[in-house]
Structures are given as C-alpha cells and as structure tokens.
A.B. asks: 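My structure is below; once you've seen it, I'll send some questions.
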Amino acid sequence: MSAAHPTILATSGGLLRGHRTELEFAPLLHHAVDLSGVRGRRPVICHVGTAGGDQRWFNAAVSEAGQLAGVEVRHLNLFPMPPTADLDDYVRSCDVVWVNGGSVANLLAVWRVHGLDTVFRRAWESGVVLGGVSAGSICWFRGGTTDSFGPELRIVDNGLGLLPYGNGVHYDSEAARRPAVHAGVASGELPDTYCTDDGVGLVFRGTDLVEAVTERPGKGAYLVTRDRTGAGVTERRIEPRALP
C-alpha cells in the first residue's frame, strides 16, 4: 500500500533522545509512517543520511529506534558507493523516505551525481511518502536558508523543487533563521516560504499544504510572503494540530 496522493512531510523534528536507546522515533516520524497508509505488515523506512556523511554509528541508532517502533529501517548510504545499481527499485520498495539533517548543499550535489533527484520524484509520484528534518526538509523545496557554507546563513536555491516554495527550519531555536528568511523573501531570492519551529511538520499532498502538525505544544508553522509593495514581507502563523 502507498499514500493515495504524492505526500511530503517537511519538519524540524522527528527523532528524540531515547530512554533506553540512543534515539527514538518522535510523533512526527510516526506520522510519516501513518501517512503511508501501511496496514497489516511492518512498515519500511528508507533512511537517508547523506547530509551527515552517512555516519554508520547514526545509522545504527536509527535502526535501533526503528526496531523499538516496529518499523524496518533500510539505509540508503552513498558513501563509499550506493547499495545497489537499481536505486529506483530500492527506494520504491519502501513506504517512507526519511532524510536526516546536516549539509543540504552537499546532499543535493551528491544526490544529483547518483540520479536521486529523479529517483525521489518518481517515488513521490508513486505514493512513497517523502519526509525529513532540517536539510531533509529543505531539499524537497526550491530552496531555503542554510549553514552549509559556514556559520553565516546563506540561501540555497537549487533544491529538488517538488514543492515550489522556500522552506525555513529551526525557526524558533536559531536566532538568525527568521531574519534570513525574511531577507530572502523580500529580495526575491526565495519564493513564498513555509517555516517550522522545532517539533513542527508540514504535510503537503501534491504541492498543496493540507495541515501543520506538532509534537511540541505551543510551537508554530509560518508562511512568509513578499508584501504588495515589494519592500518587505508578511508573516502568517499557521496553527498546527497536536500529534498524539
């Protein structure tokens, strides 16, 4: 079974420190599985750690978290080489793709070398739920603000563009994020931009936002648009639904 419509869950969350394990799936990651519509069997997540350099210790922690959650985790490592010559089949045999954070600039470059930009588009169109956190959120959009190049935030504008908007992550926890998004939208470097506080996710069906969801009470999502004068921006809060 797959999602009834092309679905993306773009977040600033999804994993938590575990009680007896290094990591646990947080409600946002559980929600990604729910969106896939899997029933009567163990869901399969394709975990992609390209943005962090495919760190094997982190893979092991995600696998352990998946075992605790009753989910099969497969790792799409690209270092030192992909796990298969047929990446289309590898990705489309999974129910959810979950992309972790790190360098979105490096992630996009490496993905394109291996043709994953095309692979992920086909998977999305076929009903595999695409999701992720931070770099794993920005990648699905046209672009966003990133510290991939250094501590001063810059605009990355070569995202996969499955969603024709900008994306801002960690909107409440990193002081430079909000002004960087506002400046990018005001200048036209970023299109209308959807942003998430830590613990918040945005659910898109096709290219339409259907709801914001949160694993942390009181957090918000936002849409930043260029105002009619072209001299500034307007920010509108989107109240998220609390996940169980």
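Below, all heavy atoms of this structure are taken into account, side chains as well, without hydrogens, waters or symmetry copies. Because the structure is a prediction, the values reported are computed rather than measured.
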A.B. asks: Between Cys94 and Val128, what is the shortest heavy-atom contact and its length?
C.D. replies: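 Residues Cys94 and Val128, closest heavy atoms: O-CG2, 3.5 Å.
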A.B. asks: Could you walk me through whether Asn59 and Asn77 pass side chain to side chain donor-acceptor pair (under 3.5 Å), step by step?
C.D. replies: CA-CA 9 Å; Asn59 287 356; Asn77 296 317; 2.9 Å; yes
A.B. asks: Going through the checks in order, is the side chain to side chain donor-acceptor pair (under 3.5 Å) test met by Asp198 and Ser173?
C.D. replies: CA-CA 7 Å; Asp198 283 358; Ser173 62; 2.8 Å; yes
A.B. asks: Look at the side chain of Asp86 and the backbone N and O of Asp89, then say whether any donor-acceptor pair between them is shorter than 3.5 Å.
C.D. replies: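 It does hold such a pair.
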A.B. asks: If you look at every heavy atom in Ile238 and Ala212, which pair is closest and at what distance?
C.D. replies: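 Result for this residue pair: CG2-CB, 4.0 Å.
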A.B. asks: Is it true that Trp57 and Val73 fall in one hydrophobic cluster, defined by side-chain heavy atoms closer than 4.5 Å?
C.D. replies: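 In one cluster with Trp57: Val73, yes.
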A.B. asks: Do the non-hydrogen side-chain atoms of Val97 and Val129 ever get within less than 4.5 Å of each other?
C.D. replies: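 No, their side chains stay 4.5 Å or more apart.
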A.B. asks: What is the distance from atom OG1 of Thr146 to atom CG of Leu108, rounded to the nearest 0.5 Å?
C.D. replies: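 One finds 9.0 Å between OG1 of Thr146 and CG of Leu108.
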A.B. asks: For Phe204, run the side-chain contact (heavy atoms from CB on, under 4.5 Å) check against Leu130, Leu209, Leu162, Val210 and tell me which one passes.
C.D. replies: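 Only match with Phe204 under side-chain contact (heavy atoms from CB on, under 4.5 Å): Leu209.
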A.B. asks: Is there a side-chain contact between Thr193 and Tyr165 in this structure, where contact means two heavy atoms from C-beta onward sitting under 4.5 Å apart?
C.D. replies: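 The answer is no, as the side chains (C-beta and beyond) never meet within the 4.5 Å cut-off.
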A.B. asks: Passes side chain to side chain contact (heavy atoms under 4.5 Å, CB included), Gln67 versus Thr21? Steps please.
C.D. replies: CA-CA 11 Å; Gln67 185 175 26; Thr21 56; over 6 Å; no
A.B. asks: Could Arg41 and Asp95 be called an ion pair, given the rule that one side-chain N must be under 4.0 Å from one carboxylate O?
C.D. replies: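 Judged by the 4.0 Å cut-off on N to carboxylate O distance, Arg41 and Asp95 do form a salt bridge.
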A.B. asks: Might you work through the side chain to side chain contact (heavy atoms under 4.5 Å, CB included) test for Val213 and Thr11, ending with a clear yes or no?
C.D. replies: CA-CA 9 Å; Val213 292; Thr11 85; over 6 Å; no
A.B. asks: Given the rule that I, L, V, M, F, W and Y join up when any side-chain heavy atoms are under 4.5 Å apart, are Leu107 and Phe149 in one cluster?
C.D. replies: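 No, Leu107 does not connect to Phe149 through the hydrophobic network.
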A.B. asks: Please round to the nearest 0.5 Å and tell me the distance separating atom OG of Ser63 and atom CD of Glu72.
C.D. replies: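 Going from the OG atom of Ser63 to the CD atom of Glu72 covers 9.5 Å.
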A.B. asks: Please confirm whether the backbone N or O of His5 pairs with a side-chain atom of Thr7, one donor and one acceptor, at under 3.5 Å?
C.D. replies: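 Yes, because the side chain of Thr7 sits within donor-acceptor range (under 3.5 Å) of the backbone of His5.
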A.B. asks: For Ala69 and Phe25, which heavy atoms make the closest approach, and how far apart are they?
C.D. replies: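 What the structure gives for the nearest pair is CB-CD2, 3.7 Å.
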A.B. asks: Would you check if Val96 and Cys46 make a side-chain contact, meaning some heavy-atom pair closer than 4.5 Å?
C.D. replies: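 When only atoms from C-beta onward are counted, Cys46 and Val96 do not touch, as no gap falls below 4.5 Å.
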A.B. asks: Any side-chain heavy atom of Val71 sitting closer than 4.5 Å to one from Val44?
C.D. replies: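 No, their side chains stay 4.5 Å or more apart.
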A.B. asks: Identify whether the distance between the nearest side-chain nitrogen and carboxylate oxygen of Glu174 and Arg177 falls below 4.0 Å.
C.D. replies: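 Judged by the 4.0 Å cut-off on N to carboxylate O distance, Glu174 and Arg177 do form a salt bridge.
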A.B. asks: Look at Arg142 together with Asp157 and state whether they make a salt bridge at an N to O cut-off of under 4.0 Å.
C.D. replies: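 No, Arg142 and Asp157 are not salt-bridged.
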A.B. asks: Among Ser134, Ser12, Ser137, whose side chain to side chain donor-acceptor pair (under 3.5 Å) with Asn167 holds?
C.D. replies: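 Running side chain to side chain donor-acceptor pair (under 3.5 Å) over Ser134, Ser12, Ser137 with Asn167 returns exactly one hit, Ser137.
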A.B. asks: Val133 and Leu76: same hydrophobic cluster, using ILVMFWY side-chain contacts below 4.5 Å?
C.D. replies: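 In one cluster: no.
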A.B. asks: Would you compute the distance between atom OG1 of Thr225 and atom CG of Asp227 and round it to the nearest 0.5 angstrom?
C.D. replies: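 The OG1 atom of Thr225 sits 7.5 Å away from the CG atom of Asp227.
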A.B. asks: Flag yes if Val169 and Leu202 sit in one hydrophobic cluster, no otherwise; membership is Ile, Leu, Val, Met, Phe, Trp, Tyr, and two members link when side-chain heavy atoms are under 4.5 Å apart.
C.D. replies: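 Hydrophobic grouping puts Val169 with Leu202.
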A.B. asks: Just wondering, more than 12 heavy atoms not from Arg154 lying within 6.0 Å of its CZ?
C.D. replies: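 For Arg154, atom CZ is not crowded (no more than 12 foreign heavy atoms under 6.0 Å).
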A.B. asks: Nearest 0.5 angstrom please: Leu35 CG to Arg205 CZ, how far?
C.D. replies: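 CZ of Arg205 is found 6.5 Å from CG of Leu35.
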A.B. asks: When rounded to the nearest 0.5 angstrom, what is the spacing between CG in Leu15 and CH2 in Trp98?
C.D. replies: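 One gets 7.0 Å once the value is rounded to the nearest 0.5 Å.
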A.B. asks: For Ser187 and Glu189, indicate whether the former's side chain and the latter's backbone hold a donor-acceptor pair under 3.5 Å.
C.D. replies: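 Looks like yes, one N/O pair under 3.5 Å.
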A.B. asks: Is the gap between the ring centers of Trp111 and Trp140 under 6.0 Å?
C.D. replies: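 Yes, ring centres under 6.0 Å apart.
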A.B. asks: Between Phe141 and Tyr194, is the ring centroid distance below 6.0 Å?
C.D. replies: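 For Phe141 and Tyr194, the ring centres are not under 6.0 Å apart.
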A.B. asks: Hey, any chance Val91 and Val99 share a hydrophobic cluster, counting ILVMFWY side chains that come within less than 4.5 Å of each other, even indirectly?
C.D. replies: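 In one cluster: yes.
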A.B. asks: For Ser148 and Ser103, work out which heavy atoms get closest and say how close.
C.D. replies: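 Taking Ser148 first and Ser103 second, the nearest heavy atoms are OG-OG, 3.4 Å.
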A.B. asks: Salt-bridge test for Arg17 and Glu22: reply yes if a basic N is under 4.0 Å from a carboxylate O, no otherwise.
C.D. replies: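 Yes, this pair counts.
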A.B. asks: Evaluate side chain to side chain donor-acceptor pair (under 3.5 Å) for Thr196 paired with His170, printing each intermediate quantity in order.
C.D. replies: CA-CA 6 Å; Thr196 51; His170 308 306; over 6 Å; no
A.B. asks: With distance as the sole test, does Arg20 use its side chain to make a donor-acceptor pair with the main-chain N or O of Gly18 at under 3.5 Å?
C.D. replies: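 Here the side-chain-to-backbone pair does not exist.
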A.B. asks: Rounded to the nearest 0.5 Å, what separates atom CG in Leu160 from atom CD1 in Ile138?
C.D. replies: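 Between atom CG of Leu160 and atom CD1 of Ile138 there are 12.0 Å.
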A.B. asks: Between Glu211 and Arg241, does at least one N-O distance fall below 4.0 Å, as a salt bridge requires?
C.D. replies: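 Yes, this pair counts.
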A.B. asks: For the residue pair Leu68 and Glu24, what are the closest heavy atoms and their distance?
C.D. replies: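 Closest pair (atom of Leu68, atom of Glu24, distance): CD2-CG, 3.8 Å.
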A.B. asks: Under 4.5 Å between side-chain heavy atoms, chaining through other members, with only Ile, Leu, Val, Met, Phe, Trp and Tyr counted: pull out the rest of the cluster around Tyr222, sorted by chain and number.
C.D. replies: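 Ile155, Tyr171, Val181, Val185, Leu190, Val224, Val233, which link up through side-chain heavy atoms under 4.5 Å apart, make up the rest of the cluster.
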A.B. asks: Kindly determine whether Asn100 and Val62 satisfy side chain to side chain contact (heavy atoms under 4.5 Å, CB included), including the steps that lead there.
C.D. replies: CA-CA 10 Å; Asn100 265 307; Val62 174; 4.3 Å; yes
A.B. asks: Going by heavy atoms in the side chains, are Leu28 and Leu243 under 4.5 Å from each other?
C.D. replies: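 Result yes, sub-4.5 Å side-chain heavy-atom pair found.
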A.B. asks: What do the steps show when you test Val48 against Phe120 for side chain to side chain contact (heavy atoms under 4.5 Å, CB included), and what is the final call?
C.D. replies: CA-CA 11 Å; Val48 187; Phe120 286 141; 4.3 Å; yes
A.B. asks: Would you call the rings of His75 and His47 parallel, tilted or perpendicular, where under 30° means parallel and over 60° means perpendicular?
C.D. replies: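 Perpendicular: the ring planes of His75 and His47 meet at over 60°.
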A.B. asks: Within a 6.0 Å radius of atom CD on Glu239, are there more than 12 heavy atoms belonging to other residues, nucleotides or ligands?
C.D. replies: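 Yes - once you tally the heavy atoms of other residues, nucleotides and ligands closer than 6.0 Å, there are more than 12.
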A.B. asks: So which atom in Glu215 and which in Gly13 form the shortest heavy-atom distance, rounded to 0.1 Å?
C.D. replies: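 Here Glu215 and Gly13 meet closest at OE2-CA, 3.7 Å.
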A.B. asks: Do you know which of Arg237, Lys219, Arg178 makes salt bridge (Lys or Arg N to Asp or Glu O under 4.0 Å) with Asp172?
C.D. replies: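 Among Arg237, Lys219, Arg178, the one that satisfies the salt bridge (Lys or Arg N to Asp or Glu O under 4.0 Å) with Asp172 is Lys219.
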A.B. asks: Would you check if Thr50 and His114 make a side-chain contact, meaning some heavy-atom pair closer than 4.5 Å?
C.D. replies: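 Heavy-atom side-chain distance check fails, nothing below 4.5 Å.
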A.B. asks: Do Leu116 and Leu78 touch side chain to side chain, with heavy atoms closer than 4.5 Å?
C.D. replies: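 The answer is yes, as the side chains (C-beta and beyond) meet within the 4.5 Å cut-off.
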